[in-house]
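Throughout, protein chains are lettered first and strands after them, A, B, ... in sequence-line order, and every chain is numbered starting at 1.
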Protein chains: 2
Amino acid sequence: MVRPVETFLKYLDSKHLKLTRERKAVLEEVFFHPGHLEAEELTHTLRSKKSRVSRATIYRTLELLVDSGIVRKIDLGHGHSHYEHILGHTHHDHLVCLKCGKVIEFTDKKIERLQTNICQKSRFQEISHTVQIFGYCKDCR
Amino acid sequence: MVRPVETFLKYLDSKHLKLTRERKAVLEEVFFHPGHLEAEELTHTLRSKKSRVSRATIYRTLELLVDSGIVRKIDLGHGHSHYEHILGHTHHDHLVCLKCGKVIEFTDKKIERLQTNICQKSRFQEISHTVQIFGYCKDCR
DNA sequence: GATATAATTGAGACTGAATCTCATTCTCAA
DNA sequence: TTGAGAATGAGATTCAGTCTCAATTATATC
Ligand SMILES: [Mn+2]
Ligand SMILES: [Mn+2]
Ligand SMILES: [Zn+2]
Ligand SMILES: [Zn+2]
């Protein structure tokens, strides 16, 4: 079992940052939300619960969560960012339905290996990658 | 030899749209520019030449060029779109250097095939895809 | 527990890309 | 040549995301 709060705390300590009520609220919401969430949505969800966290702090905290490796920022082609927790989850990429917006996750070790090969050929040091396939899902095609 | 103007004309006709001086200027500039260009850059380049085309028309025309399959809109993680001509060019994907911004193009038939397989498994109809690898190029690592 | 210090927060101003509005101008088929 | 519909440009608008700064809070030390 992975403990996101402890991971975050460790990260914060290493940067001499503090674990505030607001940061804890964002972390918990992001971590226990199952899918791909957006900042605006997060603002509303938190407001409807006990916590009231400003937009500025939401964005600031999401950045910290990305830096600490707990969360990944992704672009699903909606004109704004989405976030998903990755701590304790295996890496995956996305099929994105252009009609209903559904996102299907997939993992393909062979593709990953071929990407590594490509980087080696160009002596390129990979930090991250995205494989996004846009189209129509089986219900929308 | 591919003739972008004719392709564009055919597309415009099919939609009952007109080939204006402005649209021709944007098409030519995009098509003869070798790399990945941004809308703002295009505005300036055209202004420094004979043609003066408004921002609104630049964006409107780029959309038409994308629709007609002449140009591809890509996201290199800069917070705004880039465009590259694809008519007469083979499909490729990108390595993006996070330090110097260099973009290295690559083509990998095996990755493409694996992507097709993944779509089949989910009965997903692919329209487009992007494989972007972010990291540091050999000069920046 | 009190105190000091540095970090954090929120309200709202600001930015930059992209889109929209609408009065004027242009294209092209007839 | 002309008319109907399409296109343009200036500038207003939108929207996500960032920044500013005065007020607040977390934590280490006493
Ligand atoms: Mn996902
Ligand atoms: Mn390219
Ligand atoms: Zn769908
Ligand atoms: Zn580089």
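- Note: CG (B:D13) to P (D:dA6) measures 14 Å, nearest angstrom.
- What separates CZ of B:F8 from P of C:dT27 is a distance of 14 Å, to the nearest Å.
- Proximity of the aromatic rings of A:H82 and A:H80 is defined here by a centroid distance below 6.0 angstrom, and this criterion is met.
- No side-chain heavy atom of B:T130 sits under 4.5 Å from any side-chain heavy atom of B:D75.
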request  = Encode nucleotides 7-16 of chain D as B, S and - characters from 5' to 3', where the letter depends on protein heavy atoms closer than 4.0 Å: B to the base, S only to sugar-phosphate, - to neither.
outcome  = SBBB-B---S
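- Side-chain contact between A:V5 and A:F31 is absent, with no heavy-atom pair separated by less than 4.5 Å.
- Atom NZ of B:K102 is surrounded by more than 12 heavy atoms from other residues, nucleotides or ligands within 6.0 Å.
- Residues B:D67 and B:K15 are not paired through a salt bridge, judged by the lack of any N-O separation under 4.0 Å between the basic side chain and the carboxylate.
- Side-chain contact, A:E38 with A:H78: no donor N or O sits under 3.5 Å from an acceptor N or O.
- Between B:E63 and B:L9, the one whose closest nucleotide on DNA chain C sits nearer the 5' end is B:E63.
- You'll find the side chain of A:L114 reaches within 4.5 Å of the side chain of B:L114, heavy atoms only.
- Rotation axes derived from the C1' atoms of the five outermost pairs at either end of the helix from C:dG1-D:dC30 to C:dA30-D:dT1 lie 30° apart, to the nearest 10°.
- When only modelled atom types and interatomic distance are considered, B:H92 and B:E84 share a side-chain donor-acceptor pair under 3.5 Å.
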